[in-house]
Amino acid sequence: MECSGINKKYFNSNFEKPIKDLINKYVYFAENDVIMAKITPCFENGKIGIAKNLKNKIGFGSSEYLVFRPNKNVLNEYLYYYLNRNSFREIGAQNMQGAVGHKRLSKEFIEETLIYYPAEIEEQQRIVKILDETFENIEKAKQNALQNLNNAKELFESRLNKTFLNIDKNVNKKLSELAQIIGGGTPSKDNKSFYIGDIPWATVRDMNTDLLTETEFLINEDAVKNSSTNIIPAGNIIIATRVGLGKVCILAQDTAINQDLKGIMPVKQITSKFLFWWFKSIKNKIVETGVGATVKGVKLPFIQNLDVPFIDIKEQQKIVAQLDELQEQTKKLEQIYEQKIKDLDELKQSILQKAFNGEL
């Protein structure tokens, strides 16, 4: 399935096996066939393409593919574009069958699907040519927007890293000298009553924004008393030391944490927001230090012995203000480029709709 991309007209495979190992075991297709994923979420995501440059002009693939081989009445490229419409995918998604997570398009649905096409091959060729040229230009514009989006993110990361690299290393202190570091735990999942309460209990899944405002689970005081979890007061930060290694958030409210997280609570003249940005700047170092066979993590001594820049509180506030402002500007740029990418995707669908409504 990884050989077929999204919004990628042609695909080929780098995998080769003797035909005896494949025949009667996998779906057969040939050069120029249109291949489309029939299983969720690959179908909804647009996993579809035309087989190209296959060795010996034949191929085999996952049983989750549907293979289309147009006859002389329809061009394979015309069919590719026709099946790439969001309107087709939306109807297909509504008619999928099977258990949640394993829903598929049925062969019957595909066979009964109507396709509207010009009788003249020349007209189909004209439409395909327009779509090829238009989509190529749209893709170039999209790649430019993506590059600008990445540049904006990289610019902020570069400024963040330079900010802390330029601080005199002679003023460093161990994190354990500047903050109280507290671990967490998980209340027994067998006791359902523990998870009926109003105390937020955080896991790494909740750490999706800089400010953690809500959690998937809420627990009660009995859960806290009967487990190794701890409540970290609002305004402090939490970091992931195993699953999601390197993630960091500021707490918007008092929050209990699980065993994959550590609460960092400043006890001397250092602010949580300064520590937050500093942790952001050393994320790669934390990730690179992680050890473990399946899930990489770092131990408490590593966190305790991290060298933290210890500078005047006013200088900390100045750095925080500069990084906050730069982050706000970066987010505005990101929103502009993300909207442009969204608009370009919508433009592609609008053009497809016009193409098959006879408006090109």
Side-chain angles (χ1 to χ4, degrees), residues 1-98 101-118 121 124-125 127-136 138-139 142 345 348-349 351-353 355-356:
M1 194 63 72
E2 63 269 22
C3 294
S4 56
I6 297 172
N7 294 321
K8 185 179 177 184
K9 186 175 180 182
Y10 298 105
F11 79 89
N12 51 36
S13 175
N14 296 322
F15 306 107
E16 295 180 3
K17 285 187 177 182
I19 195 169
K20 63 181 177 65
D21 295 339
L22 302 169
I23 198 164
N24 296 326
K25 296 179 181 178
Y26 298 93
V27 170
Y28 162 74
F29 55 89
E31 187 86 355
N32 295 319
D33 285 350
V34 178
I35 318 296
M36 182 180 74
K38 65 180 180 180
I39 191 169
T40 191
C42 297
F43 168 73
E44 297 97 315
N45 290 341
K47 285 267 187 176
I48 180 173
I50 300 173
K52 206 72 174 176
N53 299 321
L54 300 176
K55 187 168 185 178
N56 298 317
K57 306 298 182 184
I58 61 171
F60 291 84
S62 166
S63 60
E64 303 298 353
Y65 279 125
L66 289 168
V67 180
F68 301 84
R69 185 169 301 159
N71 59 28
K72 63 181 181 179
N73 296 316
V74 181
L75 292 174
N76 61 346
E77 294 173 302
Y78 183 91
L79 178 61
Y80 163 79
Y81 280 123
Y82 193 86
L83 297 174
N84 237 319
R85 296 169 302 134
N86 278 347
S87 55
F88 168 73
R89 284 199 280 267
E90 288 168 2
I91 294 173
Q94 293 170 8
N95 286 273
M96 295 179 100
Q97 300 175 357
H102 296 280
K103 289 190 174 183
R104 297 173 176 83
L105 282 181
S106 68
K107 183 181 178 183
E108 291 73 25
F109 169 79
I110 292 298
E111 290 175 339
E112 293 173 4
T113 296
L114 297 176
I115 175 171
Y116 299 94
Y117 62 95
I121 289 294
Q124 294 182 37
Q125 290 172 334
I127 292 172
V128 167
K129 183 179 179 182
I130 292 174
L131 292 175
D132 280 347
E133 292 173 351
T134 304
F135 281 21
E136 182 179 355
I138 290 176
E139 187 58 29
K142 186 175 178 180
D345 286 335
K348 288 177 72 171
Q349 289 300 319
I351 292 170
L352 280 177
Q353 202 65 32
F356 298 111

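Just the heavy atoms: all of them, side chains too, but no hydrogens, waters or symmetry mates, feed the values below. Here the structure is a predicted model, which is why all the values come from computation and not from measurement. Counting begins at 1 with the first residue of the sequence.
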Approximate separation, where rounding is to 0.5 Å, of Gln97 CD and Asn95 CG: 8.0 Å
Would you give the length of the straight line joining atom NZ of Lys47 to atom CD1 of Ile35, rounded to the nearest 0.5 angstrom? 13.5 Å
Considering residues at least two apart in sequence or located in another chain, which fulfil the side-chain hydrogen bond (donor to acceptor under 3.5 Å, both in side chains) criterion with Lys52? Asn32
Lys142: which residues meet the side chain to side chain contact (heavy atoms under 4.5 Å, CB included) condition with it, sequence neighbours left out? Asn7, Glu139, Leu146, Ile341, Leu344, Asp345
Testing the basics here: between Gln124 and Pro118, what is the closest heavy-atom pair and its distance to 0.1 Å? NE2-O, 2.9 Å
Would you indicate whether the side-chain heavy atoms of Phe109 and Ile91 approach each other to under 4.5 Å? yes
According to side chain to side chain contact (heavy atoms under 4.5 Å, CB included), who are the partners of Leu54, at least two apart in sequence or on a separate chain? Phe29, Glu31, Ala51
Side chain to side chain, Tyr81 and Ile351, heavy atoms closer than 4.5 Å: no
According to side-chain hydrogen bond (donor to acceptor under 3.5 Å, both in side chains), who are the partners of Gln94, at least two apart in sequence or on a separate chain? none
Under 4.5 Å between any side-chain heavy atoms of Ile58 and Ile19, yes or no? yes
Only counting residues at least two apart or in another chain, list the ones meeting side-chain hydrogen bond (donor to acceptor under 3.5 Å, both in side chains) with Tyr117. none
Distance check, rounded to the nearest 0.5 Å: Cys42 atom SG versus Met36 atom CE? 11.5 Å
Here the gap from Ile110 atom CD1 to Thr113 atom OG1, rounded to the nearest 0.5 Å, amounts to 5.0 Å
Contacts of Tyr65 meeting ring-ring contact (aromatic ring centres under 6.0 Å, His included) (sequence neighbours excluded), chain-then-number -> none
Any side chain to side chain donor-acceptor pair (under 3.5 Å) involving residues 53-63? Give me the pairs, sequence neighbours left out, ordered by first then second residue. Glu16-Lys55
From Leu131 atom CG to Tyr80 atom OH, the distance as rounded to the nearest 0.5 Å: 10.0 Å
pair Tyr82-Phe356: side-chain heavy atoms closer than 4.5 Å: yes
For Glu44, all residues meeting side-chain hydrogen bond (donor to acceptor under 3.5 Å, both in side chains), sequence neighbours excluded: Thr40
By side chain to side chain contact (heavy atoms under 4.5 Å, CB included), which residues pair with Glu136, not counting sequence neighbours? Lys140
I would like to know whether Asn73 and Tyr78 meet side-chain hydrogen bond (donor to acceptor under 3.5 Å, both in side chains); could you show each step before the answer? CA-CA 11 Å; Asn73 296 316; Tyr78 183 91; over 6 Å; no
Looking only at heavy atoms, the pair that brings Asn84 and Gln349 closest together is O-NE2, 3.4 Å
Residue pairs, two or more places apart or on separate chains, that pass salt bridge (Lys or Arg N to Asp or Glu O under 4.0 Å) and touch residues 73-94: Lys9-Glu77
Residue pair Pro70 / Leu79: nearest heavy atoms and the distance that separates them: CG-CD2, 3.7 Å
Using 0.5 Å steps for rounding, measure from the CG atom of Leu352 to the CG atom of Leu83. 11.0 Å
Test side chain to side chain contact (heavy atoms under 4.5 Å, CB included) applied to Leu22 - qualifying residues, sequence neighbours left out: Lys17, Tyr26, Phe60
Who pairs with Phe68 by ring-ring contact (aromatic ring centres under 6.0 Å, His included), at least two apart in sequence or on another chain? none
